[in-house]
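Here is the structure we will look at, set down as structure tokens.
Keep in mind that the numbers below use all heavy atoms, side chains included, and drop hydrogens, waters and symmetry copies. In the text below, chain A, chain B and the rest are named by the order of the sequence lines, each starting its count at 1.
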Amino acid sequence: MATSSPPVQNLSTSQRRYSYHVETDSESDNRAAKFLAAFAAILRHSNYHFIIELFAKASSRCGRCAVTCQVYQASKDPRDIPCYRTNILLDVYRQYFTTSGQIHNRLMGQDSLNNEKIDEIAECFYRCMACRRCTLECPMGIDHGLMTHLGRYILSEAGIAPKGLVVSVREQLEGTTANTSAIPLPALLDNLEFLQDELRDMKNASISFPVDQEDSEYIFFPAVSDYLMEADTLMGNAAVLHAAATSWTIGSKYYDGINYGLFYDDWVLQRIIQKLVGEAQRLKARKVLIGECGHAARSARQFVPTFAGDRKLPVVSILELTLQAIREGKVKLNRDAIAERVTYHDPCNIARSGWIIDQPRQILKSFIRDFVEMNPHGRENYCCGGGGGLVSLDELHEFRMHVSGKTKAEQIQATGAQIVVSPCANCKKQLRELMNYYKLPVQVVGVHDLILRAIEL
Amino acid sequence: MPTWMILAKGPAFFFVLTLFVLGMLRLFVLTLWDIAAAVRRAGDQRVPYAQLARQTLSWLFPFTRLNRVRVIYSIAAFSLHLGILFGALFLRNHLDILRSNVGFAWISFPKPLLDFLTVIGIIGALILLFSRIYLRNSRQLSKLPDYILLILLLNIFVSGFVAGRSWNPIPYDGLMLFHTLNGMAILVISPFTKIAHCILFPLIRLGSEVAWHFTPQGGSHVVETLHGPDGRKV
């Protein structure tokens, strides 16, 4: 790209074993034994056994995925080829969990899985953003994103997970505030009152953020960090819900849509979903409404039916609701409110499956005159470079900027847009850091930030 | 006809074919069984079968996908598969052997067409072999079996193509022995190598989707197994 790139820094430091911080960092750990025990337990109790067996038999290592992976394209490091990473895990499986592998080990006296190998795996699996773009071009249909998920899950159960994710999840599941940003309830309520006042000043309308309203149509879970950092997104959400005359509520016992379990551990994923569903049930809400957050939307949509037992609730993205309200004429948007050129970044977690692609575009095109697409976009979009939880790991900043996010910065620059819109808290954080790093004069906002500017109440 | 040829076309072929068919069927049935079991265990049993079938079919006939990434490599791989499928399954000589062993066969294709497909198969295999040796990302991914399989396939293609030609400098019987042994080797190892994808292909996308349908208490059971009934903290 036209902007000059700072030199790559060596990510390996003498202070820590991996590029990211972990809590347990004892040299005396038998990490290989723990890894194999975790691997065995997961194969026994989950649905991963058949798929790893299938991939181990069918993986052809053709390398088409290397061309589609933006990390490998930037780094040229073999560890970043999706198929290479998948085969690291498949090799461990073949060697320790198949009869032929065990016979081979006995005959050859081989036992190659040692702590150094585990450290290589731990490093490798957190260089992937789990964006699953590579799955689009695998002729075999191997889902390398699933393998990244499994590899990280095994590592987590073996005691290796990024501290930045673990600390947040601990507060969410076992802390007093029950959310990843550690926002106490009184602070949340103060914040909501502030947002209501802001909306009154801005739109001259009385728009509330209802809390603990029983029997609502929707219970609302944004990424909780939005309460701290994305006031305009939340006010836009509330303005739409107000204009659409929707009954909705925020739960006081649990108000966080974030689910880092999707990034590294199924046990965490399961417990967070159960917590979310429990709060919806407490308030007798009929549907779960997820705010502008890619992974929160995907984890709820995909895993509420799995982990909610008989308490299954429909999961709706705020983007679906907003588009419906616009189509029904309940939300009016001023076509002159936004004069800048706008482009849209698809969050991988909601676009790769094809679920949320057209809705935000239809919303934006309904009131924005100068809308341009990135190339490619939609299902084939490039990741922001901070997916799979990497954006939450500040120690990976250099990697996210110079390697994983480089392609996205080039894409945005090529559009000539002054505003890039993305309905995802993680993507927005990464994109803002990218714009700052590459010194691109582009504002990064959510869809509802622009709606807030344009909505007529 | 030399004794070895009679043996190769008769009992040896029947034995190898039986191993191949049973081995492949076993793989397919066991994998399908595993997928069905995974769906039964899943908390969410809704699987988009029609969508997955469409995706699988679109990759089985990947005409619109070849020019998207790694164009030369993709076309070479497709050509190789065409050569293998048509050369192996529709050559009259092969079908005669099949008919004499199992009592049935199907229609053969004209020899000139199969010669053409064999040539593009050879070119495809050479490009893939060249890529695995000289292109960085292919080389970084390749393992010894990847090279051996390509060389075995090239042996079969070239020996089969050259054997019946007037300009063939190598004795026919010797070349056919070489062709037959390589062919039998491929059939025998297929269920145990990545060639298994030829039977597992229709199940891989289905499996990838089903694997995302987790078991409802899987995470808790894993923690209990590793840490006992009291579990662990985050």
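Under the ring-ring contact (aromatic ring centres under 6.0 Å, His included) criterion, B:His213 pairs with no residue at all, not counting sequence neighbours.
Ranked by non-hydrogen atom pairs under 4.5 Å with chain B, the options A:Lys312, A:Glu380, A:Lys34 are led by A:Glu380. Heavy-atom pairs under 4.5 Å with chain A peak, among B:Val39, B:Thr225, B:Thr31, at B:Thr225. For the options A:Ala41, A:Pro78, A:Gly261, heavy-atom pairs under 4.5 Å to chain B are most numerous at A:Pro78. Highest contact tally toward chain B, considering only A:Gln172, A:Arg132, A:Gln274, is held by A:Arg132 [criterion: heavy-atom pairs under 4.5 Å]. Chain A forms the most heavy-atom pairs under 4.5 Å with one residue out of B:Val69, B:Asp34, B:Ile35, and that residue is B:Val69. Counting heavy-atom pairs closer than 4.5 Å to chain B, the top-ranked of the candidates A:Ser59, A:Cys62, A:Ala58 is A:Cys62. The most heavy-atom pairs under 4.5 Å with chain B, out of A:Glu174, A:Arg271, A:Lys57, come from A:Glu174. Looking only at heavy-atom pairs under 4.5 Å with chain A, the residue among B:Leu149, B:Asp146, B:Val210 that has the most is B:Asp146.
Under the 4.5 Å side-chain criterion, counting only non-hydrogen atoms from C-beta, A:Leu43 is in contact with A:Phe97.
Within the 4.5 angstrom heavy-atom criterion, only side-chain atoms of A:Ile51, from C-beta onward, approach chain B. A:Asp80 does not touch chain B: none of its heavy atoms, backbone or side chain, sits under 4.5 Å away. Looking at B:Tyr73, only its side chain comes within 4.5 Å of chain A, counting heavy atoms on both sides. Both the backbone and the side chain of A:Glu137 come within less than 4.5 Å of a heavy atom in chain B. Interface residue A:Leu173: only side-chain heavy atoms are found under 4.5 Å from chain B. No part of A:Glu53 comes within reach of chain B, as not one of its non-hydrogen atoms sits under 4.5 angstrom from that chain. Neither the backbone nor the side chain of B:Gln45 has a heavy atom closer than 4.5 Å to any heavy atom of chain A. Contacts of A:Ala56 with chain B are absent, with no heavy-atom separation under 4.5 Å from either backbone or side chain. Contacts between A:Cys138 and chain B at a heavy-atom distance below 4.5 Å involve the backbone alone (N, CA, C, O). Looking at A:Ile142, both its backbone and its side chain come within 4.5 Å of chain B, counting heavy atoms on both sides. For A:His49, no part lies near chain B; criterion is any non-hydrogen pair under 4.5 Å. Only the side chain of A:Tyr48 has a heavy atom closer than 4.5 Å to any heavy atom of chain B. If you measure heavy-atom distances from A:Thr68 to chain B, the contacts under 4.5 Å come from the side chain alone.
Checking B:Gln140 against A:Tyr72 by side-chain atom types alone, a donor-acceptor pair falls below 3.5 Å. For A:Asp143 and A:Thr135, the side-chain atoms include no donor-acceptor pair closer than 3.5 Å. Looking only at atom types and distance, the side chain of A:Glu171 has a donor-acceptor partner in the side chain of A:Thr177 under 3.5 Å away. Inspection of the B:Ser142 and A:Arg61 side chains reveals no N or O donor paired with an N or O acceptor under 3.5 Å. Between A:Ser392 and A:Tyr260, the side chains place a donor N or O and an acceptor N or O closer than 3.5 Å (distance only, hydrogens not considered). A:Asp256 and A:Asn179 share no side-chain donor-acceptor pair at under 3.5 Å. In the model, A:Gln73 has no side-chain atom that pairs as donor or acceptor with a side-chain atom of A:Thr407 under 3.5 Å. A donor and an acceptor atom, one from each side chain of A:Asn381 and A:Arg352, are located under 3.5 Å apart. Side-chain contact of A:Asp266 with A:His149: a donor-acceptor pair under 3.5 Å is present, judged by distance alone.
Judged by the 6.0 Å and 45° rule, A:Arg133 forms a cation-pi pair with A:Tyr382.
The number of heavy-atom neighbours closer than 6.0 Å to CD1 of B:Ile151, taken from other residues, nucleotides and ligands shown, is above 12. Within 6.0 Å of atom NZ in A:Lys163, 12 or fewer heavy atoms from other residues, nucleotides or ligands are found, so the atom counts as exposed in its surroundings. Counting non-hydrogen atoms of neighbouring residues, nucleotides and ligands closer than 6.0 angstrom, the OH atom of B:Tyr147 exceeds 12 such neighbours. The environment of CZ in B:Arg26 is sparse: at most 12 heavy-atom neighbours from other residues, nucleotides or ligands sit within 6.0 Å. With a 6.0 Å radius and a threshold of 12 heavy atoms from other residues, nucleotides or ligands, B:Arg139 has its CZ atom above the threshold. For B:Phe109, the CZ atom counts as densely surrounded, since its 6.0 Å shell holds more than 12 non-hydrogen atoms of other residues, nucleotides or ligands.
Contacts from residues 192-201 of chain B to chain A, taken as heavy-atom pairs separated by less than 4.5 Å, involve B:Thr193, B:Lys194, B:Ala196, B:His197, B:Leu200, B:Phe201 in sequence order. Close approach to chain A, defined as a heavy atom under 4.5 Å from one of its heavy atoms, is seen in B:Trp59, B:Arg65 of residues 58-65 of chain B, taken by number. The stretch residues 119-137 of chain B places B:Arg132, B:Arg136, B:Asn137 near chain A, each with some heavy atom under 4.5 Å from a heavy atom of that chain.
Under a 3.5 Å cut-off, the side chain of B:Thr215 and the backbone N or O of B:Ala42 do not form any donor-acceptor pair.
Here OH of A:Tyr84 is found 14.0 Å from SG of A:Cys69. Values are rounded to the nearest 0.5 Å. Expressed to the nearest 0.5 Å, how far CG of B:Leu203 lies from CG of B:Leu30 amounts to 11.0 Å. Taking CZ from A:Arg44 and OG from A:Ser46, the interatomic distance works out to 11.5 Å, rounded to the nearest 0.5 Å.
A:Phe50 approaches B:Gly207 most closely through the heavy-atom pair CZ-O, 3.5 Å.
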